[in-house]
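These notes concern the structure reproduced below.
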Amino acid sequence: MFYVNTEDLLPGMYLGRDIHYFDMNIQAMSVLTRGIHLTEESIRALVNAKVEGAYISHLSNDIKMTQTIDTELKNQAVDGIQSLAKGFMGGHITSEQMDSINDTTINLVESVSADKDVMVNILDLKMYDDYTYHHSLSVAVMSLAVGMEFGFDKNTLSELVTAALLHDIGKIAIPITIINKPSRLTPEEFEIVKKHPIAAGVHLRKNNLVSQNTFMGIVGHHEKWNGTGYPNGLDGKNIHMFARIMAVADVFDALTSHRPYRKPAPAHEVLEYIMANAGTHFDEEIVRAFLKRVAPFPVGSHVRLSNGKHGIVIRNYPEQPLRPQIAIVGEDTSYDLFKDPQYLNVIVTGIDELDNISAPPANSRS
Ligand SMILES: [Fe+2]
């Protein structure tokens, strides 16, 4: 059992102790009994009653994962990108195909920006195997969260999301043998790959299907801060801000995804890679915003620690995404890796498989 501040309670958490409180609705004392799953309504009642926190049971799957976007919206997005990619392949994107993407964009912006402090739950974005289209959706959601960190208005967020959803449409024209090639590309093959940002961007802009900002985002997503990227070798702020944002999200999602030629790298290792390349490949300011908005260990994820223990993440700190607060499985305690100095030497070493967490493994070593 562990203590959670009321502001951090989530629907689905399993109450470990009774809570007696004054119910503002009925103007009388009320009780939430041990063993119930908290609901949005019961949490709201605790907030209204100014109850400071609750004891939550640590057993089994008692903390639900927070969802960034719902399944229906994900499917809508993926269908829309797929249909547009087909249109591009056939040489013509119809206005109906573009309308469908614009609807998705509006829904994504409305849904994600409803929570102004949203941290993107990367596990939520990793529930599918089909890389190409889900990759674009993941890049869109992460870019959106970063755009919010910079205070973009909704119109600008929509332009950014459209760019991210469509950034790799041009890849549909590249032979799949090159896209999925496990070994290094030949110079000729790489020349073909390098065409994909411009091919799609120009087609969309020429037919007046996207704004100039969206176009700049699509065309620039493989540029690098130090000028070594493609297609134009632009550097620094000569690269459009959308493209600088999408570059970070693109690399993050690509490296954390399963590909035919390699296993996904753990999110925290990829974040370290991105931090190491801030100022060379990536814009440092964007990387800082990205770290605040993308949770490598989302609330509810089951993690392994460097001291051999297993736990469930109960709180994320945007300023220290790699050091969350964790309820330890099998013990009545939680580790706050950010705030509690006694855990300074403990790090999270990975995320456990979701069905493998009901009991702490005996003498576990990570
Ligand atoms: Fe790309």
Side-chain angles (χ1 to χ4, degrees), residues 77-78 80-82 84-89 93 101 105 125 128 130-144 146-147 159-182 184-205 209-210 213-235 239-262 264-265 270 273-274 277 281-283 286-287 290:
V78 170
I81 303 166
Q82 207 159 5
L84 201 113
K86 279 188 193 137
F88 177 70
M89 191 59 184
I93 295 170
I101 289 290
T105 296
L125 296 173
Y128 295 90
D130 171 16
Y131 176 73
T132 312
Y133 304 113
H134 289 97
H135 166 70
S136 301
L137 174 60
S138 300
V139 172
V141 174
M142 288 187 273
S143 299
L144 171 54
V146 174
E159 290 183 292
L160 171 61
V161 167
T162 308
L165 288 174
L166 304 184
H167 76 281
D168 268 350
I169 290 286
K171 275 195 178 166
I172 190 108
I174 304 174
I176 195 77
T177 47
I178 297 183
I179 296 281
N180 288 341
K181 189 177 173 186
R184 208 180 171 82
L185 297 180
T186 64
E188 295 75 27
E189 288 167 337
F190 191 45
E191 284 308 311
I192 295 173
V193 169
K194 275 160 63 173
K195 287 185 180 143
H196 79 271
I198 294 221
V202 167
H203 180 89
L204 289 161
R205 185 67 187 139
L209 296 167
V210 295
N213 282 333
T214 298
F215 167 72
M216 293 299 279
I218 295 173
V219 167
H221 76 270
H222 283 291
E223 300 288 0
K224 290 180 180 167
W225 184 253
N226 61 6
T228 60
Y230 66 85
N232 295 314
L234 299 178
D235 65 355
I239 307 164
H240 193 279
M241 189 169 181
F242 284 8
R244 281 181 272 138
I245 292 174
M246 286 157 56
V248 176
D250 185 23
V251 167
F252 178 83
D253 190 68
L255 295 181
T256 53
S257 295
H258 209 287
R259 308 294 291 115
Y261 44 85
R262 67 165 161 69
V270 176
Y273 167 83
I274 286 175
N277 286 287
H281 288 186
F282 309 113
D283 177 351
I286 307 275
V287 170
F290 188 85

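One-based numbering, in listed order, for ligands and for the atoms of each. Predicted, not measured: the structure shown is a model, and the values here were computed from it. Sequential numbering from 1 along the given sequence is applied to the chain's residues.
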Hey, is the Fe ion (ligand 1) within less than 2.8 Å of some N/O/S atom on H221?
yes
Would H167 and H222 count as a ring-ring contact (aromatic ring centres under 6.0 Å, His included) here? Give the steps.
CA-CA 10 Å; H167 76 281; H222 283 291; 7.6 Å; no
Counting only N and O atoms by type, is there a donor-acceptor contact under 3.5 Å from the side chain of K181 to the main-chain atoms of R184?
yes
So L160 and M246, do their side chains get closer than 4.5 Å, heavy atoms only?
yes
What N/O/S atom of H222 is the closest to the Fe ion (ligand 1)?
NE2
Name, closest N/O/S atom of D168 to the Fe ion (ligand 1):
OD1
F88 side, atom CZ; L204 side, atom CG - distance, nearest 0.5 Å
7.5 Å
